[in-house]
Amino acid sequence: MTIAPKEYDFHAARLRLEGKAKSAGEKVTSLESAVARVRDGDHIAIGGCLYSRTPLALIWALLRRRPKHLTLSRNLMSYEGEWAMVAGACDKVVTSWMGIGLPWGLSRIQREYVESGRVEFEEWSHLGLGLRFRAAAMGVPFLPSLTMLGSSLMDVGGSRTIECPYTGATLHAVPALFPDVALIHVHRADRFGNGQIDGYPHMDADIARAATTVIMTAEDIVPDEEIRLHPDRTVIPGFAVDALVPVPYGSYPHECYGLYDAEPDHFTVYVDGIKRDGAKGVADYLERYVYGPRSYADYLALFPDSARHDAAARARMLTT
Amino acid sequence: MTIAPKEYDFHAARLRLEGKAKSAGEKVTSLESAVARVRDGDHIAIGGCLYSRTPLALIWALLRRRPKHLTLSRNLMSYEGEWAMVAGACDKVVTSWMGIGLPWGLSRIQREYVESGRVEFEEWSHLGLGLRFRAAAMGVPFLPSLTMLGSSLMDVGGSRTIECPYTGATLHAVPALFPDVALIHVHRADRFGNGQIDGYPHMDADIARAATTVIMTAEDIVPDEEIRLHPDRTVIPGFAVDALVPVPYGSYPHECYGLYDAEPDHFTVYVDGIKRDGAKGVADYLERYVYGPRSYADYLALFPDSARHDAAARARMLTT
Amino acid sequence: MSVTANELLAVMGARALKDDTTVFAGVGAPLLAAALAQRTHAPRLTMLMEGGILGPSFRPGELPISTNEMRAAYRAQMLPGITDAFLLAQRGFLDVGFIGGAQIDRHGNLNTSAIGGYAKPAVRLPGSGGANDIISLCREVMILTVHEKRRFTERVEFITSPGYLGGGDERRKSGLLFGGVSRMVTTLGVFDFAPPSRRMRLIALHPGVTTDDVQANTGFDVLVSESLTTTQPPTEKELDILRMLDPKRQFIG
Amino acid sequence: MSVTANELLAVMGARALKDDTTVFAGVGAPLLAAALAQRTHAPRLTMLMEGGILGPSFRPGELPISTNEMRAAYRAQMLPGITDAFLLAQRGFLDVGFIGGAQIDRHGNLNTSAIGGYAKPAVRLPGSGGANDIISLCREVMILTVHEKRRFTERVEFITSPGYLGGGDERRKSGLLFGGVSRMVTTLGVFDFAPPSRRMRLIALHPGVTTDDVQANTGFDVLVSESLTTTQPPTEKELDILRMLDPKRQFIG
């Protein structure tokens, strides 16, 4: 069994929260100071899904610190997982699927690092992982479900079953996953960290409740009043947020619902580099896009303005 | 133990859903035909909370059919529970609290009917009942929680505990509650039953998933396109809805967030009738407000237009 | 003007709240306590209300009658819903929970359900509402109540909301791994429930109140701390804020 | 123009869907099948996508590459989120689930995880995604896949998504109380997994295909129904709709 007791120990996880300040105060800081909260060996849960609302600015800033021995968990892992593998930043990936999407085929980086045993790959079903985060968000050590029963996935993480005390039915006791840190990108937040997401919510709200430390970027920091006029749009409570950074295009070239579309052509260029040079293709990409730029603005400047504007126009066309 | 196996039998509840058509088609009908789906002896879950977004139009139409032996469940039960008791419509009430609010004191009707044993009162904590609906909404027979442990409430419904297979911790296995029918009032829906709620969501989304039959009223039926332009506001999926009725002021004189405030003065008149005449005060109220009017429009006409307009103005003032 | 019971409870409750924390508060004295703390020493305090309302503002003169109405949600920061609001407490996000009056026993257990048996009670009370959840799930709970002999009974016959059950470590043994009643503020004084006995103990008297007054208004023997102190009376500033919030004295009385 | 593999799978999948039902569908042939059914005999069919997208419309020429992007959510009716979308299936709201190609065995078990051991596999595949959840939770599941010998193996070494496990009633015994694989549509024909054996069985051939073709492209002995039939080829109308939806032939090939 590969899940560590720390992942489902709701008692210890709760005591970590009890020991934290839960402030309604200001949370705005820089990308650099925000990711400085991550320690080597931490379990990092990543928000968004595949190439949607990925907290790329936070991952960009985190990898520049050359972290080691991280565990990364995400519902569907996209190329941020490949970056971490090639950067030597992670020992383990927890997800239900890894790749970019059908047109780009299998992830050669996943194959190379997992088949060689350099990175442990812990697979859950998509709902299974979602329930792991939700159990933690609810402050319980497990949630009952029918999913994954009978499959070989039950053995991967060491899942156990439980008998319902009322019906006698056997259910999968999906173990909670309490990450050390959650990295999340949202559409807007006030400076206190009350965050709002447009469109599909993915698993971000659960991840923010499950983690001990929440690091968040927002496309836009809005006045307190704007959040208070639409409180039914808020999904992340400010007191749960430790650091907040305003980052327009904070998921680019991944998409952000309603604001900008993804850039499949860029994904193709990235994957062509891997097809040509294998892991070195990613290493070269990291040098150019992650380690090279002096700032995230410089990273964005590596993409033509016209592309970003087109991506925004496509997003408007698809959501209005 | 007072909970019936039918309440937590997720297997039978799922088979009831599997046997139902789940249509994306038109659901609009009349109040009368909507509530005709309720059978004597049914377990009815009521949406909203206390005097907020109570599906009063549906309860009004239901009581006019003189139903018998109903079980009513609601997070905080307001005077709709007193109506059902005095109308002889319910044998049992499942809730965490009953009354109208501090200024109106204890519910004399609750006292009279429960103390005499005429109506069974099954009490859960507020979260306990919320988790019963959520377990059902998730399609599982129970959810683990710490709430209610150690209290006498564990004995009321026959709650059982469960040992976590990972941590060994003892948790309350909160039993699912699958009602026969959910009565819900929302702000807007398209004619297919895709429903949107503004402000506090209460427990309506869970109740709609937990019940076998969903009967819904909406303040406004909007064009399909309006829902599709703001899909992230939809909380009730159309295929789960069996009957939909457009009813402006469908919760009045209870409140509907952003649209109209509650009428405490009317509550006082109602309670004064009970203080004066006991259950007969409610019987007289039912004659005048529920059985008497020829239509729900006639019911609303018993309240001065000016009061409804003032209630709308107060709601705007409090939400904009 | 003299200090009312709710003014006294609100002031004492407010003083017990710390900045950069969260509080689960219902309507009445708890709400006034939290709102007062935010306007004095705890501007970064976040209030959560049972109706699923997080970070409300309040319009002076428009305080809510219930925790699920627009006055409670006025200019709130988030409306997570009732179940998810309580789940935030279960997760450990709520530092303090306030609960109000009821029948209370020497170990801080509360009864708001029934007197004289459950099935066919002599007196059917309204029920738990969220009180059981707040006392079970918050990091610590403070009880705010008027002090009347009829409320304070040796042993409640029905435990709607668990304090320390039979005392000692019975609360933990029951599976309630967290929290407990840290303080009780009444109209006569301040009490704790110290280990190992977890029995109600007088630790501070309000000005002009004697231990005999407390004993005379309590249905069982009251323990008294050796380091018994006296509380500081509400200040003009504190009372002014409460009266600004509730000019019609709907809640402060 | 000849019929492509995905056109054939989409048409056969669409025909199997009924009106007034719900379908859990991913990108590619499943999405095309559901969209085609809505535009022919099942206008009141609701599609749910893994990204937490309910009742999407689709812009012709703008079909989604993934189930969590704006093209998938275009003019959707609801965006419940990923976890809650799957929970709708666990509750029993999803009548049919489509899943696509993988390594498949004689009892309808699928492997999309690893070949040659799990920890240090010879070939690491992408993983389950939502396939395990769809096949575990929907009322019935239909597999749509191209028919290649390498895909059809006697016994998958790793069961990512459970069909009938070892056959017989093993699926029910494992705790999967509901659902199962009702049909499999391949590029050669249509199959079921009938009790008691729950072994893959050929029930219909596509026009021009022989049982020998099927056997030659399957890595184990294929059962053949006594009442073997032949499917009706895709109609012009069906193909016109698919080509209208995907004019650039990104998905139909």
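Here the structure is a predicted model, which means the values were calculated and not measured. Chain naming here is simple, since letters A, B, ... match the order of the sequence lines and numbering starts at 1 in each.
C:Arg139 contributes atom CZ, which lies 11.0 Å from atom CG of A:Leu15 (distance to the nearest 0.5 angstrom). Within the model, atoms NE2 of A:His11 and CZ of C:Phe178 stand 4.5 Å from one another, a figure rounded to the nearest 0.5 Å. Atom NZ of residue C:Lys18 and atom NZ of residue A:Lys22 lie 11.5 Å apart, to the nearest 0.5 angstrom. A:Asn194 CG to C:Leu54 CG: the interatomic distance, rounded to the nearest 0.5 Å, is 7.0 Å. Rounded to the nearest 0.5 Å, atoms CZ (A:Arg14) and CG (C:Leu137) are 7.0 Å apart.
Taking chain C as the reference chain and counting heavy-atom pairs below 4.5 Å, the highest number among A:Gly238, A:Ala210, A:Ala21 is found for A:Ala210. When each of A:Asp190, A:Val235, A:Leu17 is scored by its heavy-atom pairs under 4.5 Å with chain C, the top score falls to A:Leu17. Among A:Gln196, A:Glu26, A:Arg16, A:Arg209, the residue making the largest number of heavy-atom pairs under 4.5 Å with chain C is A:Arg209.
When heavy atoms are compared at a cutoff of 4.5 Å, A:Ile227 approaches chain C by way of both its backbone and its side chain. Both the backbone and the side chain of A:Ala13 come within less than 4.5 Å of a heavy atom of chain C. When heavy atoms are compared at a cutoff of 4.5 Å, A:Ala240 approaches chain C by way of both its backbone and its side chain. Contact annotation for C:Ala89: only backbone heavy atoms (N, CA, C, O) come within less than 4.5 Å of a heavy atom of chain A. Heavy-atom distances place no part of C:Ile53 under 4.5 Å from chain A, backbone and side chain included. When heavy atoms are compared at a cutoff of 4.5 Å, A:Asp232 approaches chain C by way of both its backbone and its side chain.
When the shell of 6.0 Å around CD of C:Gln232 is examined, it contains 12 or fewer heavy atoms from other residues, nucleotides or ligands.
Formation of a donor-acceptor pair under 3.5 Å by the A:Arg228 side chain with backbone atoms of C:Gly55 is found in this model. A distance-only check finds a donor-acceptor pair linking the side chain of C:Gln90 to the backbone of A:Met138 [under 3.5 Å]. Of the possible donor and acceptor atoms, one in the side chain of C:Arg91 sits under 3.5 Å from a partner among the backbone N and O of A:Ala136.
Considering only heavy atoms from C-beta on, C:Thr46 stays 4.5 Å or farther from A:Phe192 through its side chain.
Residue C:Gln77 comes nearest to A:Asp224 through the heavy atom pair NE2-OD1, 4.3 Å, listed as atom of the first residue, atom of the second, then distance. The two residues C:Ala76 and A:Pro231 come nearest to each other via the heavy atoms O-CB, 3.3 Å.
Aromatic ring orientation, A:Phe239 versus C:Phe93: tilted (interplanar angle from 30° to 60°).
Remark: of the listed residues C:Thr21, C:Thr22, C:Asp20, C:Asp20 is the sole one forming a side-chain hydrogen bond (donor to acceptor under 3.5 Å, both in side chains) with A:Ser23.
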